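Remarks on the structure that follows.
None of the values given here were measured: they were computed from a predicted structure. Throughout, protein chains are lettered first and strands after them, A, B, ... in sequence-line order, and every chain is numbered starting at 1.
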Amino acid sequence: MTAVAVKYKELRALGVEILAVSTDSRFTHKIWQEQELSKMVEGGVPFPMLSDAGGAIGEGYGVYDTAASVDIRVRFIIDPDGVIRGAEILTPEVGRNVSELFRQVLAFQHVVKTGEVTPSGWQPGKPTLKPGFALAGNVWKEWKVESAFS
Amino acid sequence: MADARAGCVVAAAGVLTDKANTAAVQSNGSGKELRMTARVGQKAPDFEASALMEGTFKNVRLSEYSGKWVVLCFYPGDFTFV
């Protein structure tokens with residue numbers, strides 16, 4: 001949460017809005033913001049913290065855990081047309097990676113803009129692929145597996 | 001973005017069903033209830049929720065962010081590490 005908060009300006013600069021959702025009430029969000037989050041990041045978390053009390057929204061997204069009565073840790077990337085592009089689902093013990101969020105957002109924005117596709121491990125500036133007849137069976141000429149890691 | 005009065009009686013609408021996302025509505029098998037399921041490549045179900053934002057309480061609809069990239073983060077609970 002706070003890791004995303006400190007990168008909020010950079011995400012906004014990419015045209016990205018953040019919405020955080022849990023089953024806590026808005027009053028609980030307020031106290032958490034005042035008592036803890038504002039001590040971890042200056043000014044507190046700058047994006048909306050939504051209340052999904054009862055879990056109806058989480059249920060609609062398939063992320064509500066009825067046994068624990070909480071929304072599990074899932075991060076969706078939604079494009080400007082309102083289409084879900086990505087979903088990352090983790091059990092509660094492991095937190096998210098904000099750098100990977102940036103990479104995926106930049107990749108989706110590149111894909112939407114250019115119609116190209118981004119191979120495994122793609123980072124901004126690295127080669128993309130142009131899908132189509134000519135590429136079928138010829139990825140090995142265009143892309144080396146080592147580039148997924150460098 | 002409608003200002004919500006901060007009183008307990010102003011409820012947010014929760015999940016919203018409309019023509020735009022009826023494609024995402026499925027029967028849960030019992031035939032009694034319709035549920036939405038979110039899938040990559042499909043329209044994100046719209047919803048309205050009460051929220052803490054800009055130092056106050058407001059109601060927020062996902063559809064208000066149409067035209068922008070949105071990162072929607074569900075997390076298990078306040079006062080945990082997230």
> So which part of A:Glu93 gets closer than 4.5 Å to some heavy atom of chain B, the side chain, the backbone, both or neither?
Replying inline: backbone
> Closest approach of A:His29 and B:Asp78, non-hydrogen atoms and distance?
Replying inline: ND1-OD2, 2.8 Å
> Hey, which of A:Asp24, A:Val94, A:Val83 has the most heavy atom pairs under 4.5 Å with chain B?
Replying inline: A:Asp24
>> Any heavy-atom pair between the side chains of B:Phe47 and A:Leu50 that's under 4.5 Å?
In response: yes
> When rounded to the nearest 0.5 angstrom, what is the spacing between OG1 in B:Thr56 and CZ in A:Arg26?
Replying inline: 10.0 Å
>> Could you go through B:Phe74 and A:Ile57, starting from their C-alpha distance and side-chain angles, then the distance that decides it, and tell me whether this counts as side chain to side chain contact (heavy atoms under 4.5 Å, CB included)?
In response: CA-CA 10 Å; B:Phe74 289 90; A:Ile57 297 168; 4.0 Å; yes
>> Only pairs of heavy atoms separated by less than 4.5 Å count here; which of B:Gly55, B:Gly14, B:Gly41 has the most with chain A?
In response: B:Gly41
> Between A:Trp32 and B:Leu52, is a side chain to side chain contact (heavy atoms under 4.5 Å, CB included) present by the stated rule, with each step listed?
Replying inline: CA-CA 11 Å; A:Trp32 190 31; B:Leu52 172 69; over 6 Å; no
>> Quick check: do A:Ile31 and B:Phe79 have side-chain heavy atoms less than 4.5 Å from each other?
In response: yes
>> Checking an interface table here. Which of residues 63-70 of chain A come within a heavy-atom distance under 4.5 Å of chain B?
In response: A:Val63, A:Val70
> Hey, which of B:Val40, B:Leu62, B:Val71 has the most heavy atom pairs under 4.5 Å with chain A?
Replying inline: B:Val71
>> Nearest 0.5 Å, please: how far is NZ in B:Lys43 from CG in A:Asp79?
In response: 8.5 Å
> Counting heavy-atom pairs under 4.5 Å to chain B, which of A:Ala87, A:Ala56, A:Ala20 comes out on top?
Replying inline: A:Ala20
> How long is the span from the OH atom in B:Tyr75 to the CZ atom in A:Arg96, to the nearest 0.5 Å?
Replying inline: 10.0 Å
> Any side-chain heavy atom of A:Phe47 within less than 4.5 Å of one from B:Cys73?
Replying inline: no
>> At a 4.5 Å cut-off on heavy atoms, which part of A:Glu88 comes close to chain B: side chain, backbone, both, or neither?
In response: neither
>> Counting heavy-atom pairs closer than 4.5 Å to chain B, which one of A:Ile72, A:Leu14, A:Val74 comes out on top?
In response: A:Val74
> Can B:Trp69 and A:Ile78 be said to form a side chain to side chain contact (heavy atoms under 4.5 Å, CB included), step by step?
Replying inline: CA-CA 6 Å; B:Trp69 290 86; A:Ile78 301 169; over 6 Å; no
